[in-house]
Amino acid sequence: MKTIFLMRHGETLFNVMDVNQGQCDSPLTENGINQALAAKEWFKNQKIHFDSVYSSTAERACDTAWLVSWMPYERKKGLKEIFLGTKEASPNSENPEYPYGDYFVQFGGEDLDAFTDRIYGAVREIAREDTGETILIVTHGMAMRRFLRAVGYRQDGTGFIGNCGIVQLQYEEDTFEVRKIINPAGTAQNINILGKFCGKRDVDPHYVSK
């Protein structure tokens with residue numbers, strides 16, 4: 001059995017500006033750095049030590065991974081945020097209501113279902129191939145939202161995890177189970193687990209990577 005901590009990067013300049021970030025990048029704010037350090041302190045207090053650390057190739061995720069772990073980490077392109085084409089860095093207010101479906105395709109961006117397959121596949125590949133027992137993966141807000149959708153977990157509210165929010169997963173026999181959603185300030189809440197979800201396409205196959 002493996003424990004995987006799937007984590008969103010800290011607050012960035014574009015987050016503050018309320019513009020689409022996608023695969024373009026902006027630096028962590030001072031607040032974002034402090035969020036990452038608070039997450040580091042939470043892991044320390046819980047006596048959690050990582051065997052391996054992975055990050056999206058985006059600078060905001062890499063910086064967060066380093067601040068949280070102070071360990072060498074492996075960059076994975078598959079963990080990058082959804083690509084929005086020419087809508088990169090555009091105001092969030094211009095986006096249609098979620099879910100976006102193939103809206104961004106007309107601007108050269110990714111289809112939402114294809115993106116879901118990509119992010120799910122990247123996390124599953126790490127879970128399958130890494131020999132460690134405790135793994136940190138730093139990625140993005142929409143990526144985390146779509147991964148949770150892929151494994152069948154339905155969130156309340158907007159469905160977005162806040163900056164430096166953490167989803168604790170249990171992985172065993174090609175099965176992911178959501179255990180906790182953790183606040184970056186260090187407060188953990190147990191959640192209702194909706195069952196075990198795996199890559200065998202027995203839960204909502206439309207969203208499970210082939």
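Residue numbers run from 1 in the order of the sequence given. As the structure is a prediction and not an experimental result, all values here were calculated from the model.
- With contacts defined as side-chain heavy-atom distances shorter than 4.5 Å, the pair Tyr73/Val138 does not qualify.
- Residues Leu28 and Glu11 fail the side-chain proximity criterion, which asks for heavy atoms closer than 4.5 Å.
- The two atoms that bring Leu13 and Ser26 nearest to each other are N-OG, 3.6 Å, heavy atoms only.
- Checked by atom type and distance alone, the side chain of Arg75 pairs as donor or acceptor with a backbone atom of Thr57 at under 3.5 Å.
- The backbone N or O of Tyr171 lies less than 3.5 Å from no partner atom in the side chain of Thr175, so there is not a single donor-acceptor pair.
- Residues Thr12 and Gln21 have side chains that bring a donor and an acceptor to within less than 3.5 angstrom of each other.
- Side chains of Phe147 and Phe176 form a contact here, defined as non-hydrogen atoms less than 4.5 Å apart.
- For the residue pair Ser56/His140, the side-chain donor-acceptor check at 3.5 Å is satisfied.
- With Thr134 contributing its side chain and Thr3 its backbone, the two residues share no donor-acceptor pair below 3.5 Å.
- At least one donor-acceptor pair under 3.5 Å links the side chain of Asp111 to the backbone N or O of Ala114.
- Distance alone, capped at 3.5 Å, places no donor-acceptor pair between the Asn20 side chain and the Ala89 backbone.
- With Glu129 contributing its side chain and Ile126 its backbone, the two residues share no donor-acceptor pair below 3.5 Å.
- Proximity of Phe104 to Glu110: side-chain heavy atoms (C-beta onward) are nowhere separated by under 4.5 Å.
- Between Tyr98 and Asn95, the side chains place no donor N or O within less than 3.5 Å of an acceptor N or O (distance only, hydrogens not considered).
- What you find for Arg118 and Glu81 is that their closest heavy atoms are NH2-O, 3.0 Å.
- Looking at heavy atoms from C-beta onward, Val68 lies in side-chain contact with Leu136 at the 4.5 angstrom threshold.
- A salt bridge (Lys or Arg N to Asp or Glu O under 4.0 Å) check over residues 30-55, counting only residues at least two apart or in different chains, returns nothing.
- The shortest side-chain heavy-atom distance between Phe5 and Val167 does not fall under the 4.5 Å cut-off.
- Glu94 pairs by the side-chain hydrogen bond (donor to acceptor under 3.5 Å, both in side chains) definition with Lys87, not counting sequence neighbours.
- Hydrophobic clustering, defined by side-chain heavy atoms of Ile, Leu, Val, Met, Phe, Trp and Tyr closer than 4.5 Å, leaves Met1 isolated from every other such residue.
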